[in-house]
Structure formats: C-alpha cells, structure tokens
2 protein chains.
Amino acid sequence: MVLSRTSQYAIQALIYIATQAPGVPVLNRDIAERLNVPAAYLAKILQNLCKHGLLDSFRGRLGGFCLREGMHKSTLMQVLLLTEGPDFTQNCILGLKRCSDETACPLHLRWKPVKNKIIAMMNDMTLEDLAKAVLTGKYRLADLPVAAMPAR
Amino acid sequence: MVLSRTSQYAIQALIYIATQAPGVPVLNRDIAERLNVPAAYLAKILQNLCKHGLLDSFRGRLGGFCLREGMHKSTLMQVLLLTEGPDFTQNCILGLKRCSDETACPLHLRWKPVKNKIIAMMNDMTLEDLAKAVLTGKYRLADLPVAAMPAR
DNA sequence: CTCCTTAAAGAGTTTTTTGTCCAAATTATA
DNA sequence: TATAATTTGGACAAAAAACTCTTTAAGGAG
Ligand code: SF4
Ligand code: SF4
C-alpha cells in the first residue's frame with residue numbers, strides 16, 4: 001500500500017521546492033524542518049536526485065537545491081523510477097518474478113486494472129501541478145500544523 | 001506498489017491450502033516447497049495465522065495446517081489486516097499521520113479513488129475464489145514452472 | 001511405551017532500510 | 001584573504017524486515 005520512506009521524502013521535498021521561487025536555491029535544512037524529516041537523511045536523497053538530473057545543487061553561501069531547468073514538468077513516475085528502482089512498474093502484488101498475462105497469479109485479473117490506474121496516475125501528476133495544489137492552501141505536505149505557508 | 005514479503009507468502013500459502021482437500025492437513029514443508037519459499041520463515045507466518053484464527057494446526061503424524069471451518073470465505077483484507085497491521089487501510093501514500101479530506105496531501109484528490117478501489121478489491125476477493133482460479137490451471141501461485149498441479 | 005513425525009516457541013543471524021556523524025570541498029561576502 | 005555557510009562523501013549506527021537454528025511439546029503408529 002505504501003511507498004518507501006525514501007520515496008515519500010523525495011516527493012515531499014520536490015513538491016516543496018517546486019512551490020518556491022524558481023532559481024532561488026532552497027536549503028536542505030529548511031526543507032527538512034518544513035517537512036519534519038531527518039535532515040542528514042534528506043540530504044542523501046536530494047544528492048541522489050541531483051545525480052540523476054532532477055535537481056541542481058549549489059554549495060556555500062546562497063547555496064541549496066533548485067529544480068533543474070524544465071524539471072517542473074517531471075512526473076511522479078520519473079521520481080519513483082529513481083527512488084523505488086527501475087522495475088517499479090514491473091514487480092507486483094504477489095512478488096512473482098515473471099509477470100505477464102500468460103504467467104499470471106490469481107490476483108491478476110483484478111489487480112492489473114488497478115495497477116494500470118496507479119501507473120497512469122503517477123505518469124500524469126507533475127511537480128508543477130502538485131506545487132500549485134499546495135499553494136492553494138487546501139493541501140498539506142507534512143503532518144505539522146502548517147507552521148508557515150511557503151514564503152517567497 | 002508492493003506488499004511485504006510476509007503478506008505475499010501468507011496470501012500464497014492460504015490460497016494454496018484452499019486449493020487442497022478441506023480437512024486434510026497440509027504440511028508446512030510441502031507448502032514451502034510448492035511456493036519456493038523459506039520453510040522456517042513460512043512456519044512463523046502460518047503460526048501467526050493460526051493464532052489469529054484463520055488456520056487450524058495439528059502436530060505429529062498426519063499433522064499440518066488446515067483452513068479453519070468457514071475461513072474459505074475469508075477476504076484478502078482480513079489477511080492483510082493481520083500481516084500488514086491494523087492500520088493497513090489508513091496509512092497512505094505520502095506517509096502523513098493524519099489523513100482526512102480536511103488534512104489532505106496534494107495527491108489526495110487523485111489517490112483516494114484508487115486507494116478505495118484497492119480496499120474494495122481486497123474486501124471482495126476470498127480465498128475460495130482465488131483457489132478456484134488457481135484450480136482452473138490458468139493462474140499460478142509461484143514462479144517455478146508449475147512442478148505439480150495441486151494434487152487431491 | 002517407544003519411536004517418528006510434525007508444529008510451537010524462542011533466540012539468534014543476516015540483510016535492507018533508515019538514519020547519524022564528521023571531515024572535506026566549495027562558494028559568497030566582508 | 002579569512003570566515004561563515006553550505007553541499008559532498010564516506011563511514012558508521014540503529015531499527016526493521018527477512019530468514020535460520022535449536023529445542024521442546026504433541027500426536028499417531030507400531
Ligand atoms: S497481478 Fe498480474 S502483474 Fe501482478 S503479480 Fe499477479 S500476475 Fe504479476
Ligand atoms: S492521498 Fe489522502 S489519504 Fe493518502 S496520504 Fe494523501 S491525504 Fe492521506
């Protein structure tokens with residue numbers, strides 16, 4: 001039913017960054033605080049997202065993380081393929097190695113449509129869209145009583 | 001996207017048992033072999049299912065595990081509430097502690113219908129149904145080239 | 001009663017995931 | 001140039017999940 005903590009943190013952080021003014025680096029520390037997430041762990045995750053081209057990072061004063069040019073249009077699927085692994089869409093509910101309509105487990109008939117819906121959904125949701133949703137104030141990114149709405 | 005290994009093994013084992021003649025105990029060893037799953041680990045899982053009333057167990061000669069009377073009608077949801085924990089249906093995609101329409105994360109609008117579909121599906125599928133599907137020969141429970149179809 | 005077979009119980013191990021710490025590299029700015 | 005702020009990288013630690021081993025209890029058959 002769930003994504004790994006790593007994926008959850010990655011998505012939360014990316015959406016948060018997407019809510020901020022583009023081009024202005026966001027501090028790892030600030031993201032961690034806002035999301036109420038361990039900062040050192042989050043840093044590792046963000047570094048990984050950098051390495052795979054979703055983020056740009058800047059060191060030193062005025063440093064931080066920015067969405068790389070054009071990456072506002074990234075989908076959740078692009079993120080999950082990084083954080084959950086490239087066979088995220090393959091491996092499936094009963095854990096069978098081979099999954100096809102021919103070598104199907106007994107859940108297949110019921111599960112496959114749902115799975116396809118999940119995949120379509122992840123392919124459809126962009127960071128930009130999700131950030132907009134957050135900026136309406138109707139949705140929250142973290143558990144804490146919204147300490148501060150995203151400043152800009 | 002996934003269930004825990006424990007849940008996968010539990011579901012596989014229960015369906016397998018449901019395909020066997022009722023009242024005749026099935027050996028842990030046989031289930032493990034058929035599913036290609038670690039026997040000692042599976043034993044723990046089956047013991048747990050016993051403790052929670054889904055299975056009956058018998059020791060000694062002619063021992064093994066049987067579905068408890070009436071439990072052919074058990075749903076996957078009943079199993080998952082045991083193996084994934086009682087808040088299986090609560091905790092959700094971004095990991096927020098509180099989840100409601102009022103305190104919703106930005107995925108909520110898209111995710112909730114899918115989540116409800118999953119829950120409905122799990123509530124709807126019974127061991128009996130799944131066992132029948134397996135017995136048609138069209139579906140498989142494990143990866144191995146079906147060594148032997150369920151004997152009875 | 002004795003032997004064999006099986007599950008039960010519990011402790012222990014291994015692997016994976018999650019999280020921490022610290023020293024180095026980089027950069028703006030005073 | 002010195003300083004403070006920041007990411008980077010690597011090693012490490014803790015927790016959780018997956019898996020194993022060993023011993024005991026129970027039950028059936030000779
Ligand atoms: S539902 Fe289909 S895709 Fe999923 S494990 Fe079963 S056979 Fe594979
Ligand atoms: S989608 Fe809805 S239920 Fe799921 S985490 Fe977001 S708010 Fe909670």
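Residue numbers start from 1 in every chain, and the chains themselves are labelled A, B, ... in the order their sequence lines are given, proteins ahead of strands.
- For residues 76-85 of chain B, proximity to DNA chain C is found at no residue, defined as any non-hydrogen atom under 4.0 angstrom from a strand atom.
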Inset, instruction - Begin from the C-alpha positions of B:Arg110 and B:Val114 and carry the test side chain to side chain contact (heavy atoms under 4.5 Å, CB included) through to its verdict. - result: CA-CA 7 Å; B:Arg110 302 289 303 274; B:Val114 176; over 6 Å; no
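- Counted by atom type alone, B:Thr83 and B:Tyr9 present zero donor-acceptor pairs between their side chains at under 3.5 Å.
- Sequence order on DNA chain C of the closest nucleotides to A:Ser4 and A:Leu62 puts A:Ser4 first from the 5' end.
- B:Leu94 places none of its side-chain heavy atoms less than 4.5 Å from the side chain of A:Leu3.
- Mapping B:Ala40 and A:Val26 onto DNA chain D by nearest heavy atom places A:Val26 closer to the 5' end of the strand.
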Inset, instruction - Go through B:Thr126 and B:His72 one step at a time and tell me if the side chain to side chain contact (heavy atoms under 4.5 Å, CB included) criterion holds. - result: CA-CA 7 Å; B:Thr126 68; B:His72 277 84; over 6 Å; no
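- Looking at A:Thr19 and A:Lys132, their side chains never come closer than 4.5 Å, going by heavy atoms from C-beta outward.
- A heavy-atom distance below 4.0 Å to DNA chain C is reached by these residues of residues 42-60 of chain A, ordered by number: A:Lys44, A:Arg59, A:Gly60.
- Atom OH of B:Tyr41 is separated from atom P of C:dA9 by 18 Å (rounded to the nearest Å).
- The closest side-chain heavy-atom distance from B:Lys115 to B:Ile119 is below 4.5 Å.
- Checked by atom type, the side-chain pair A:Glu84/A:Ser4 shows a donor-acceptor distance below 3.5 Å.
- Protein atom CG of A:Asn28 is 14 Å distant from nucleotide atom P of C:dG19, rounded to whole Å.
- The span of DNA chain D lying next to chain A, judged by atoms under 4.0 Å from heavy atoms, is bounded 5' to 3' by D:dA4 to D:dG10.
- Formation of a donor-acceptor pair under 3.5 Å by the A:Asp56 side chain with backbone atoms of A:Cys50 is not found in this model.
- Put simply, A:Arg61 has no side-chain N or O that comes within less than 4.0 Å of OP1 or OP2 on C:dT26.
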